[in-house]
Amino acid sequence: MQSRRKFIKISTASAGTMMLPLSFPSFFSGDDEDVSKLKKVPTYCEVCFWKCAGWAYVNEKGDIKKIVGNKFDPHSNGRFCPRGTGGVGMYNDPDRLKQPMMRKTRNGKQEFVNVSWNEALDFIAQKMKDIKSEHGAESLALFNHGSGGKHFSTLFKAFGSTNITAPSYAQCKGPREEAFKATFGKSVGSPEPADIKNTDCLVLLGNHIGENMHNNLVQEVADIQDRKATIITVDPRLSTIAAHSKYWLPIKPSTDLALLLAWINVIIDRGIYDKDYVEKYANGFDELKNHVNDFTPEWAEKITEIPAEQIKKTAWEMAQAAPKVIIHPGRHVTWYGDDTQRLRAIAILNAILGSYGREGGFYLPNKGKLPKMPLPAYPKPNWSWKEMMGDKYPYAHYSVANAFIDATHPDFKGEHKLKGWFAVGTNLTTTIPDQKRTLEAIDNLDLFVVVDTMPAEICGYADVILPECTYLERCDHPRISPHRKANFAVRMPAVKPKYLTKPASWMVMKLGNRLGLQDYFPYKDYSEVIDWQLRQIGSSLADMKQRGVKLQPEFNHGLFIKDGEDYNFKTASGKIELYAHDLEKKGFDPLPFYTEHEKPSKGFYRLNYGRAPMHTFTRTTNNPNLTDLMDANNLWVNSITAKENSLYNGQEVWLKNQDGIVSAFSINVRVTERIRPDMVYMIHGFGRSNKMLENSYGKGISDSELITNVKIDPIMGGTGMRANFVSFITEKPRKEEAIV
Ligand SMILES: Nc1nc2c(c(=O)[nH]1)N[C@H]1C(S)=C(S)[C@@H](COP(=O)(O)OP(=O)(O)OC[C@H]3O[C@@H](n4cnc5c(=O)[nH]c(N)nc54)[C@H](O)[C@@H]3O)O[C@H]1N2
Ligand SMILES: Nc1nc2c(c(=O)[nH]1)N[C@H]1C(S)=C(S)[C@@H](COP(=O)(O)OP(=O)(O)OC[C@H]3O[C@@H](n4cnc5c(=O)[nH]c(N)nc54)[C@H](O)[C@@H]3O)O[C@H]1N2
Ligand code: SF4
Ligand SMILES: [Mo]
């Protein structure tokens with residue numbers, strides 16, 4: 001689309017040479033080099049958000065020779081996934097951002113010009129001050145994902161804005177966090193505290209573990225496969241895990257809530273729920289029982305296309321295994337707009353089977369602690385995203401990224417408008433659906449700063465681009481995530497930053513100096529802060545450089561509720577809320593209902609998307625190591641659908657969605673029986689449209705450009721992305737039809 005901030009195709013002149021293709025599992029040349037002679041530097045991986053701790057091995061010349069897991073780390077158990085091992089490709093990628101750039105108009109034409117750090121930071125600091133004096137500091141917003149965002153959060157809070165958001169809520173986990181909060185008084189959190197390794201029955205609804213490659217999660221699933229625990233996978237596609245499951249239920253897309261209600265019906269009707277647990281810990285059982293009375297397996301069969309007998313059989317399997325059963329909440333759960341209610345049904349099912357707080361169900365996680373360096377108090381902002389959102393999404397306990405876009409858009413009627421954005425480690429146009437709306441909002445900004453390692457699509461819309469060095473070249477906050485054992489991990493730079501790139505911690509310190517906020521950044525190098533933190537607990541950087549991960553048994557409590565223990569859930573009643581009073585108070589159904597969703601019209605197929613083991617979104621689709629394993633997505637099409645549309649295996653097609661949007665690039669058809677005929681499937685993260693991404697430009701299709709029908713969850717603002725339908729175009733479309 002046309003915009004004031006015209007998308008600038010950054011010059012490719014300095015892009016450098018292509019890296020020699022290397023193949024997995026060895027991404028490193030000279031692998032036979034004696035490891036004992038190499039320097040070992042602790043890190044945690046930034047290729048996805050599992051943040052596995054590991055070691056980067058570096059030789060005397062400063063070449064990274066190997067990245068492996070840290071065996072004391074519960075996220076990795078000493079093993080990295082293919083993406084983590086290939087993470088060195090982020091460092092080696094010749095297409096990386098190399099120095100700061102600013103949008104300038106020359107001879108009436110907008111272009112990016114290389115500038116010095118001083119010029120870039122002076123400009124940003126001045127703009128921030130101007131925006132603050134005209135509209136208030138609160139009108140500056142931070143979109144972030146990943147460790148760089150934490151440093152920028154400090155800058156924002158010190159400057160006077162708490163308008164900070166991330167796509168990991170309203171585009172990802174939000175519905176499950178709120179559903180579990182409404183039910184158990186506590187959100188799920190990451191990593192999910194599912195005690196998979198001890199379970200006897202794992203139920204996955206559209207959670208494609210194995211393709212979704214979260215490290216210890218996959219390891220634990222592999223372990224239970226070995227000991228033949230029951231796995232039940234509900235997916236319209238025969239995912240890798242579905243193929244390894246005792247039951248694969250190829251559900252009609254968008255009908256999971258009906259299946260869940262029928263399972264609850266069977267389990268209550270047959271009296272195979274955990275009566276003692278429910279009586280002791282839960283409220284609202286009678287209301288639940290009445291509610292599900294009519295939601296029989298026969299009723300659900302008509303909706304889900306799963307035979308009633310199979311619904312009964314699988315319900316029985318779960319009850320047999322209980323409490324060692326997990327109905328997994330999944331992770332990317334923003335699908336159809338009623339997602340919080342679907343996740344409520346999942347929470348309820350776990351509750352009546354007594355799996356929450358029980359071995360083989362959900363454990364009660366432990367979290368490590370490190371003292372924080374004392375900083376001056378942050379100023380109190382006059383308003384935050386809560387006031388900005390008003391009474392929209394009343395059960396959102398975190399900020400909603402799409403609401404930030406709304407508050408920037410010219411059609412926003414609210415009082416609290418946003419005028420400046422920073423996007424740190426998030427490729428907003430491919431991440432948040434309805435690209436047109438995002439671009440209209442960006443067009444309405446006074447300042448847009450992008451901090452990235454790569455010339456991602458979002459860079460093309462920035463006023464200033466700040467190149468961050470990769471995780472292998474910097475230190476960041478210690479990783480403190482909940483797990484079975486309280487622990488933390490450190491990240492130290494394995495090598496010096498390439499080109500003129502800098503860590504986010506340095507950028508905010510330099511901006512802080514320019515904004516009179518230097519007291520919030522009392523360091524020259526961020527490692528000084530980490531060292532201070534470690535010294536407070538009797539450790540030090542020198543100590544942690546040897547260990548990488550430290551377990552903190554002093555913070556561990558029991559992982560499970562003991563038999564008969566008077567456990568107090570953090571809900572208003574202190575009990576599990578099968579009937580959610582909290583939701584009812586905010587005007588939502590206290591018990592979940594199935595509602596029918598849009599269906600494809602003739603000639604259209606639902607657009608389904610997911611993950612590949614060797615890629616993370618657009619984060620890796622230019623990574624030379626990982627594109628060597630997979631360099632484009634293809635389109636899964638059932639043979640019936642292929643026949644209907646006269647498509648053949650390997651054929652190049654373009655897609656057109658229900659709103660007439662035509663894909664910018666093409667994709668090759670993969671005819672397969674592994675998907676239902678009513679949908680097609682592709683991996684998210686391809687179809688890159690910034691020409692500076694030499695390695696990935698134009699390969700495959702971006703699902704994001706075709707997601708224009710967004711189903712917003714009224715409870716918490718999640719953007720349901722699976723109500724989009726596509727038809728096939730077999731001739732190359734005219735340029736004006738495609739959006740690039
Ligand atoms: N259409 C569609 N949309 C989706 C999804 C989908 O499957 N399909 N998935 C959703 C989900 S589950 C999530 S979690 C979100 C993910 O949303 P994002 O996290 O925004 O996804 P990425 O595409 O990986 O974009 C990450 C950006 O960070 C940059 N980057 C990588 N490393 C660093 C670093 O060290 N520092 C800095 N500053 N930048 C870095 C990358 O170059 C890239 O531009 O997307 C959501 N949106
Ligand atoms: N390799 C790799 N692993 C990753 C990531 C990555 O980028 N790469 N990203 C990580 C992140 S941030 C997240 S959030 C997770 C996401 O991982 P998940 O939560 O597992 O994934 P989703 O993308 O929601 O689910 C995709 C699956 O849902 C199925 N599906 C589609 N529609 C329906 C439906 O109506 N009903 C049912 N039951 N199933 C349906 C699809 O066929 C597909 O198999 O993955 C994480 N792990
Ligand atoms: S799961 Fe893989 S990509 Fe993600 S943090 Fe761990 S090693 Fe890195
Ligand atoms: Mo996610």
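Counting starts at 1 for both ligands and their atoms, following the listed order. Everything numeric here is computed off the predicted structure, so don't read it as measured data. Basis for what follows: all heavy atoms, side chains included, without hydrogens, waters or symmetry-related copies.
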Does R331 approach ligand 1 within less than 4.0 angstrom via side chain, backbone, both or neither, non-hydrogen atoms only? neither
How does R474 reach ligand 1, by side chain, by backbone, by both or by neither, if only non-hydrogen atoms under 4.0 Å count? side chain
N/O of Y471 under 3.5 Å from N/O of ligand 1, yes or no? no
Should I432 be counted as touching ligand 1, given the test is an N or O pair under 3.5 Å? no
Is it the case that R611 places NZ or CZ above or below the six-membered ring of F617, under 6.0 angstrom from the centre and within 45 degrees of the axis? no
Should the pair K699 and F686 be classed as cation-pi, given the thresholds of under 6.0 Å to the six-membered ring centre and 45° from the axis? no
Which atoms of ligand 3 are found less than 4.0 Å from any heavy atom of [X]?
X	value
G84	2 (Fe), 3 (S), 7 (S), 8 (Fe)
R83	1 (S), 2 (Fe), 3 (S), 4 (Fe)
V47	3 (S)
F80	7 (S)

Pair E192 + R331: basic N to acidic O under 4.0 Å: yes
For R479, is there an ion pair with D73 - N to carboxylate O distance below 4.0 angstrom? yes
If we only consider heavy atoms of [X], is any one of them less than 4.0 Å away from an atom in ligand 1?
X	value
K173	no
T470	no
E457	no

Check T616 against ligand 2 and report side chain, backbone, both or neither, counting heavy atoms closer than 4.0 Å. both
Short version for R611: what comes under 4.0 Å of ligand 2, heavy atoms counted, is side chain
With the threshold set at under 4.0 angstrom, would you say [X] reaches ligand 2 through any of its heavy atoms?
X	answer
P236	yes
F49	no
R83	yes
W50	no

Exceeds 12 heavy-atom contacts within 6.0 angstrom, atom NZ of K150: no
Any heavy atom of M213 under 4.0 Å from ligand 3? The part involved is backbone
Atom 2 (Fe) of ligand 3 - nearest protein heavy atom and its distance: C81 SG, 2.4 Å
Which ligand 2 atoms are under 4.0 Å away from a heavy-atom of Y336? 32 (N), 33 (C), 34 (C), 35 (O)
Just which atoms of ligand 2 are under 4.0 Å from any heavy atom in P613? 1 (N)
H145: numbered ligand 1 atoms lying under 4.0 Å from its heavy atoms: 14 (S), 16 (C), 17 (O), 18 (P), 19 (O)
Is there a polar contact between ligand 2 and T255, counting only N or O atoms under 3.5 Å apart? no
Taking both backbone and side-chain atoms into account, decide whether C48 has an N/O/S atom under 2.8 Å from atom 2 (Fe) of ligand 3. no
Nearest non-hydrogen atom to atom 32 (N) of ligand 1 belongs to which of R619, R722, R96, H332? R619
